[in-house]
Amino acid sequence: METAAPSTQELAAAPAPAPAPAWADMDTDCLAHVFRRLDLEDLSASAPLVCRGWRRAASDPSLWRALDLRRDHLARFMPWSPLAAAFASRYGVTRRFSLPGLLRLCLARAQGSAVDLALPPLLSSPADDLLHISLQCPRLRRLALPQLPAADEARLAELIPRWPLLEHLELDAKPSSSSFPALAEQLGRHCPNFASLKTTGAVKPEDAAALARWLPRLRSLCLDRSYMPRQELLAILAGCRELRELSARGCVGFDDGDEEIARRGARIERFDVAGSRMVDELQDEFAGGDEFCDSSYVDVM
């Protein structure tokens with residue numbers, strides 16, 4: 001039996017389909033969940049300018065708790081970069097776009113909730129930026145910094161007490177031996193959960209002694225491509241008894257086949273000293289013109 005088609009009157013009386021909900025009317029929490037998939041460029045320079053709802057969602061502090069500004073940093077902060085162009089056209093920024101400016105915007109939106117921060121080597125005023133970070137990020141747990149001037153290395157140690165929750169510190173270059181022991185002491189005194197350190201540079205006796213004294217509960221230590229004499233490595237192994245991971249790959253100052261070092265490192269779950277050599281072995285290869293020669297080895301010596 002065939003069904004009659006609806007009449008014109010019936011069609012007119014039928015309720016109209018509900019319009020699709022507008023993105024601007026979506027719940028702020030839902031929008032914030034979507035915005036977690038956006039790149040920093042879109043989150044900072046595009047989404048906030050769509051409408052009030054999107055601006056409110058893009059300002060959710062949870063979106064700004066983890067800030068890694070290192071990705072493509074050289075291209076990202078050039079005047080001709082897409083991010084710089086976006087800020088110039090959408091925010092009316094006429095002066096040169098800068099990392100400190102973006103850093104302050106990000107930290108302002110985090111509203112004190114930032115827990116993970118990584119900075120590229122483009123700080124124009126490291127002391128001012130470090131001070132600003134210490135004031136705006138009291139809950140910081142992970143911090144990665146570029147190489148700092150000598151004066152700012154000492155300043156970093158003074159700011160450590162402002163980050164009592166700090167667990168991981170990554171430094172592109174190890175502070176000098178006039179600053180590093182103070183840094184280790186401050187970490188040991190004021191950061192009870194501190195467990196992970198990554199850096200590279202010349203490890204001197206006072207540096208190894210500071211690690212052993214102030215950070216005996218360190219769980220992870222990475223000193224790849226450092227200048228580290230055998231005695232300093234043994235001192236660290238003797239003092240940092242709770243290490244679960246130690247990486248000292250490609251170092252100068254001890255041999256990766258040293259039996260005593262291997263014996264003491266056997267208790268560590270992930271112990272890797274591959275490619276490390278004594279200074280005299282390295283000098284022999286330099287003299288022979290071996291392709292192994294690498295400027296990074298000269299730097300740490």
Side-chain angles (χ1 to χ4, degrees), residues 66 68 114-118 134 137-145 153 156-276 300:
D68 189 345
V115 297
D116 190 341
L117 178 61
S134 72
C137 305
R139 304 180 63 183
L140 208 59
R141 296 179 183 272
R142 299 177 60 86
L143 177 63
L145 295 174
E153 291 177 353
L156 175 61
E158 297 172 3
L159 297 177
I160 290 296
R162 300 188 181 186
W163 298 308
L165 302 180
L166 195 65
E167 299 173 2
H168 170 82
L169 179 61
E170 182 175 338
L171 302 170
D172 280 358
K174 188 190 77 64
S176 66
S177 295
S178 61
S179 299
F180 184 79
L183 175 63
E185 179 178 355
Q186 295 292 70
L187 289 168
R189 287 184 181 275
H190 300 283
C191 305
N193 297 323
F194 189 76
S196 176
L197 175 66
K198 180 179 180 180
T199 190
T200 185
V203 180
K204 296 185 177 180
E206 52 268 40
D207 301 322
L211 284 172
R213 178 180 179 184
W214 295 109
L215 299 173
R217 293 184 295 178
L218 204 61
R219 300 296 183 88
S220 176
L221 178 61
C222 180
L223 295 168
D224 290 347
R225 305 187 73 79
S226 292
Y227 171 68
M228 182 162 50
R230 178 176 183 271
Q231 288 305 119
E232 275 57 86
L233 177 56
L234 291 175
I236 292 172
L237 290 171
C240 302
R241 300 293 299 175
E242 297 187 23
L243 279 172
R244 295 180 179 177
E245 179 180 20
L246 189 148
S247 181
R249 296 173 56 88
C251 290
V252 176
F254 67 92
D255 190 272
D256 59 5
D258 188 293
E259 293 184 0
E260 184 177 1
I261 289 176
R263 178 175 59 81
R264 294 197 187 185
R267 61 180 172 80
I268 300 175
E269 294 177 13
R270 291 185 294 275
F271 182 72
D272 191 354
V273 295
S276 295
V300 301

Rounded to the nearest 0.5 angstrom, the OG-NZ distance for Ser176 and Lys204 is 8.0 Å

How far apart are the C-alpha atoms of Asp258 and Val273, what are their side-chain angles, what is the distance that settles it, and do they pass the side chain to side chain contact (heavy atoms under 4.5 Å, CB included) test?
CA-CA 10 Å; Asp258 188 293; Val273 295; over 6 Å; no

Is there a salt bridge (Lys or Arg N to Asp or Glu O under 4.0 Å) between Asp272 and Arg249? Walk through the geometry before answering.
CA-CA 6 Å; Asp272 191 354; Arg249 296 173 56 88; 2.7 Å; yes

Assess, by modelled atom type and distance only, whether the side chains of Asp207 and Ser177 contain a donor and an acceptor separated by less than 3.5 Å.
yes

Please report the closest heavy-atom contact between Glu245 and Ile268, naming both atoms and the distance.
N-CG2, 3.6 Å

Tell me the closest heavy-atom pair linking Glu232 and Val203, and the distance in Å.
CG-O, 3.6 Å

Just by modelled atom types, is the Ala157 backbone N or O under 3.5 Å from a matching donor or acceptor in the Ser179 side chain?
no

Determine whether more than 12 heavy atoms belonging to other residues, nucleotides or ligands lie under 6.0 Å from atom CZ of Arg217.
no

Closest heavy-atom pair and its distance - Trp214, Arg189
CH2-NH2, 3.4 Å

Presence of salt bridge, Glu242 and Arg219, under 4.0 angstrom
yes

Measure the shortest side-chain to side-chain distance between Arg162 and Pro138 over non-hydrogen atoms and say whether it is less than 4.5 angstrom.
no

Keeping Asp256 on the side-chain end and Gly275 on the backbone end, is there a donor-acceptor pair under 3.5 Å?
yes

Once rounded to the nearest 0.5 Å, what's the spacing between atom OG1 of Thr199 and atom CG of Asp172?
8.0 Å

Correct closest heavy-atom pair for Cys240 and Arg267 would be O-NH2, 3.5 Å

How long is the gap from CD on Glu153 to CG on Leu171, to the nearest 0.5 Å?
8.5 Å

Could you tell me the separation between the NE2 atom of His190 and the CG atom of Leu166, rounded to the nearest 0.5 Å?
12.5 Å

Under the 3.5 angstrom rule, does the side chain of Glu206 hit a backbone N or O of Pro181 as a donor-acceptor pair?
no

Side chain to side chain contact (heavy atoms under 4.5 Å, CB included) between Trp163 and Leu169, worked out:
CA-CA 11 Å; Trp163 298 308; Leu169 179 61; over 6 Å; no

Taking every non-hydrogen atom, the tightest pair across Asp68 and Ala118
OD1-CB, 3.5 Å

Pair Arg264, Glu260 - check salt bridge (Lys or Arg N to Asp or Glu O under 4.0 Å), show working.
CA-CA 6 Å; Arg264 294 197 187 185; Glu260 184 177 1; 2.8 Å; yes

dist Lys198:NZ -> Ser247:OG (nearest 0.5 Å) comes out at 8.5 Å

With the side chain counted from C-beta on, respond yes when Leu183 and Ile160 share a heavy-atom pair under 4.5 Å apart, and no when they do not.
yes

Hey, does Pro161 have a side-chain heavy atom less than 4.5 Å from the side chain of Gln186?
yes

Test item: Leu215 and Leu221 side chains (from C-beta on) under 4.5 Å apart, heavy atoms:
no

Nearest-0.5 Å distance, CD of residue Gln231 to CZ of residue Phe254
12.5 Å

Shortest non-hydrogen contact from Lys174 toward Phe180:
CG-CD1, 3.8 Å

